[in-house]
Protein chains: 2
Amino acid sequence: MSGAADAIKPEVMKQLFHPEIEDVVPADVFAALGDPIRLGILVSLADCDEVDKARCGAFTELASPSLLSYHFAKLREAGITRSRAEGTVRFLSIRREEFNRRFPGLLDSVIETARRDPSVPRIKIDV
Amino acid sequence: MSGAADAIKPEVMKQLFHPEIEDVVPADVFAALGDPIRLGILVSLADCDEVDKARCGAFTELASPSLLSYHFAKLREAGITRSRAEGTVRFLSIRREEFNRRFPGLLDSVIETARRDPSVPRIKIDV
DNA sequence: CCCATGATTCAACGATCATTGAAATAGTCG
DNA sequence: CGACTATTTCAATGATCGTTGAATCATGGG
């Protein structure tokens with residue numbers, strides 16, 4: 001097409017749903033944490049050296065792409081993580097500040113608990 | 001029956017299963033916490049004035065007896081609570097010390113989080 | 001324009017979940 | 001014993017879960 005002002009950045013991939021942090025409710029948070037793969041995603045994210053630089057594709061040791069997508073959605077819809085698109089890649093990060101404001105201290109205990117436990121799988125994310 | 005040494009206390013009601021605290025795993029704990037009724041039971045227990053004096057029957061505002069029994073079992077099997085029988089009554093309590101040893105700091109954050117949130121139902125337990 | 005790549009969506013599956021109401025069990029007390 | 005109370009168990013329901021594999025979508029590069 002040949003319009004004049006199509007200066008829109010092409011990187012506007014379909015937006016995934018993120019709840020307002022005020023709408024997030026404890027029971028849903030804990031339900032989202034109630035799966036070893038999702039806890040694995042969380043601690044791996046928490047231990048990632050550079051924040052907001054973890055590609056979704058870095059988690060393939062934990063599950064198949066399609067299953068990962070399912071678990072990413074669970075964490076995202078529970079207000080725990082954020083998914084950001086950049087070109088053909090998607091980056092995953094923890095909604096630290098917001099979440100800490102909503103549920104002070106909770107995330108740290110959860111991550112510490114999951115990090116300490118051998119039943120939680122984890123990967124090294126090379127950014 | 002007329003044996004000589006039947007000095008056995010009659011309060012040996014069928015024992016309910018409690019996992020060893022070492023066998024408890026984070027994902028199962030969070031799954032158990034992922035329900036508003038169970039969070040309600042937990043904060044109500046935590047706010048009970050006299051520890052280990054909360055009758056199961058005190059929770060009937062939260063759900064029907066049979067549903068309560070189901071949720072009690074979930075909390076118990078996740079290592080969070082203990083059920084103790086005394087005559088025809090059962091008492092429910094939080095496995096504070098053990099649980100804190102296994103997952104330091106977690107229970108307090110969870111209870112604080114649930115206590116602060118209006119989506120979690122709660123009752124006043126009169127012991 | 002077509003192809004490769006990264007990721008989500010869809011359809012299907014068996015498993016578990018939350019809930020209900022009725023039945024069983026355990027203990028107490030007349 | 002027999003009625004009564006407190007609680008669990010059972011059977012049944014529809015809903016959601018975790019998983020798989022195939023299909024789809026979006027983007028970037030030849």
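Every chain is numbered from 1 and lettered A, B, ... according to where its sequence line falls, protein lines coming before strand lines. Because only heavy atoms are used, hydrogens play no part in the values below, and waters and symmetry mates are left out as well, while side chains stay in.
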Visitor: For the pair made of CD in A:Glu86 and P in D:dA26, what is the distance, rounded to whole Å?
Guide: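 Between P of D:dA26 and CD of A:Glu86: 18 Å.
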
Visitor: What I want to find out is whether A:Asp35 reaches A:Lys74 closely enough, with some N-O distance under 4.0 Å, to be called a salt bridge.
Guide: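 Between A:Lys74 and A:Asp35 there is no salt bridge, as every charged N stays at least 4.0 Å from the carboxylate O atoms.
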
Visitor: Using the rule that two of Ile, Leu, Val, Met, Phe, Trp, Tyr join whenever any of their side-chain heavy atoms come within less than 4.5 Å, decide whether B:Phe30 and B:Val25 are in one cluster.
Guide: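 No; B:Val25 is not reachable from B:Phe30 via cluster members.
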
Visitor: Short question: side chain of A:Arg84, backbone of A:Asp52 - any donor-acceptor pair under 3.5 Å?
Guide: yes

Visitor: With respect to B:His18, which candidate in B:Arg95, B:Glu77, B:Glu98 satisfies the side chain to side chain contact (heavy atoms under 4.5 Å, CB included) definition?
Guide: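 Filter result, single survivor: B:Arg95.
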
Visitor: Between C1' on D:dT7 and CZ on B:Phe91, what's the gap in Å once rounded to a whole number?
Guide: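 Checked: the CZ to C1' distance equals 13 Å.
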
Visitor: Using a cut-off of strictly less than 4.0 Å, decide whether A:His71 has a side-chain nitrogen or oxygen near OP1 or OP2 of D:dT19.
Guide: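 A:His71 to D:dT19 OP1/OP2: side-chain N or O found under 4.0 Å.
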
Visitor: Taking the basic N atoms (NZ, or NE/NH1/NH2) and the acidic carboxylate oxygens, is any pair closer than 4.0 Å for A:Arg101 and A:Glu97?
Guide: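 A:Glu97 and A:Arg101: not salt-bridged.
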
Visitor: Would you jot down, in residue-number order, the residues of residues 50-59 of chain B having a non-hydrogen atom under 4.0 Å from DNA chain C?
Guide: none

Visitor: For nucleotides 14-17 of chain D, tabulate all protein N/O to nucleotide N/O atom pairs closer than 3.5 Å, reporting atom names and distance.
Guide:
residue: D:dC17; atom: OP1; partner: A:Lys74; partner atom: NZ; Å: 3.1
residue: D:dC17; atom: OP2; partner: A:Lys74; partner atom: NZ; Å: 3.0

Visitor: Looking only at side-chain atoms of B:Ser66, point me to the closest of C:dG21, C:dT9, C:dT19.
Guide: C:dG21

Visitor: When all nucleic acid strands are considered with a 4.0 Å heavy-atom cut-off, which category describes A:Leu68: base, sugar-phosphate, or nothing?
Guide: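 Touches nothing.
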
Visitor: Within the distance-only criterion (no hydrogens, no angle test), does the side chain of A:Arg90 pair as donor or acceptor with the backbone N or O of A:Cys56 below 3.5 angstrom?
Guide: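 Such a contact is absent between A:Arg90 side chain and A:Cys56 backbone.
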
Visitor: Considering the terminal five base pairs at each end of the helix from C:dC1-D:dG30 to C:dG30-D:dC1, what angle separates the two local helix axes, rounded to 10°?
Guide: 0°

Visitor: Rounded to the nearest angstrom, tell me the gap between atom CG in A:Leu16 and atom P in D:dC25.
Guide: 16 Å

Visitor: Does B:Thr88 put a side-chain nitrogen or oxygen below 4.0 Å from OP1 or OP2 of C:dG27?
Guide: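 No, B:Thr88 has no side-chain N/O under 4.0 Å of OP1/OP2 on C:dG27.
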
Visitor: Let's go through B:Asp23 and B:Arg102 carefully: what are the C-alpha distance in whole Å and the side-chain angles of both, what is the deciding distance for salt bridge (charged side-chain N to carboxylate O under 4.0 Å, His left out) to 0.1 Å, and is it a yes or a no?
Guide: CA-CA 10 Å; B:Asp23 297 338; B:Arg102 179 79 176 82; over 6 Å; no

Visitor: Hey, are A:Arg122 and A:Asp117 close enough for a salt bridge, meaning a charged N less than 4.0 Å from a carboxylate O?
Guide: no

Visitor: In whole angstrom, give the distance that lies between atom CD of A:Gln15 and atom C1' of C:dT8.
Guide: 14 Å

Visitor: CG of A:Leu75 versus C1' of D:dG18: gap in Å, rounded?
Guide: 14 Å

Visitor: Identify the two heavy atoms, one from B:Ala58 and one from B:Ile123, that lie closest to each other, and give their separation to 0.1 Å.
Guide: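 For B:Ala58 versus B:Ile123, the nearest heavy atoms are O-CD1, 3.0 Å.
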
Visitor: Could you give the CZ-to-C1' distance, from A:Phe72 to D:dG18, as a whole number of Å?
Guide: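 Roughly 15 Å, once rounded to whole Å.
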
Visitor: Using modelled atom types only, decide if a donor and an acceptor are shared between the side chain of A:Ser69 and the backbone of A:Pro65 within a distance under 3.5 Å.
Guide: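 Judged by distance alone, no pair lies under 3.5 Å.
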
Visitor: In whole Å, I'd like the distance from the CZ atom of B:Arg84 to the C1' atom of C:dG27.
Guide: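 Distance, rounded to whole Å: 16 Å.
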
Visitor: Following the transitive rule for hydrophobic clusters with a side-chain heavy-atom cut-off under 4.5 Å over Ile, Leu, Val, Met, Phe, Trp and Tyr, establish whether B:Ile21 and B:Leu42 coincide in one cluster.
Guide: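 Same hydrophobic cluster.
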
Visitor: Among the nucleotides D:dT19, D:dT7, C:dT19, which one has an atom lying closest to any side-chain atom of B:Leu67?
Guide: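 The answer is C:dT19.
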
Visitor: May I ask you to decide whether A:Arg96 forms a salt bridge with A:Asp108, counting only side-chain N to carboxylate O separations under 4.0 Å?
Guide: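 A:Asp108 and A:Arg96: salt-bridged.
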
Visitor: Can you tell me the distance, in whole Å, between the CZ atom of A:Arg90 and the P atom of D:dC25?
Guide: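 Taking CZ of A:Arg90 and P of D:dC25, I get 15 Å after rounding.
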
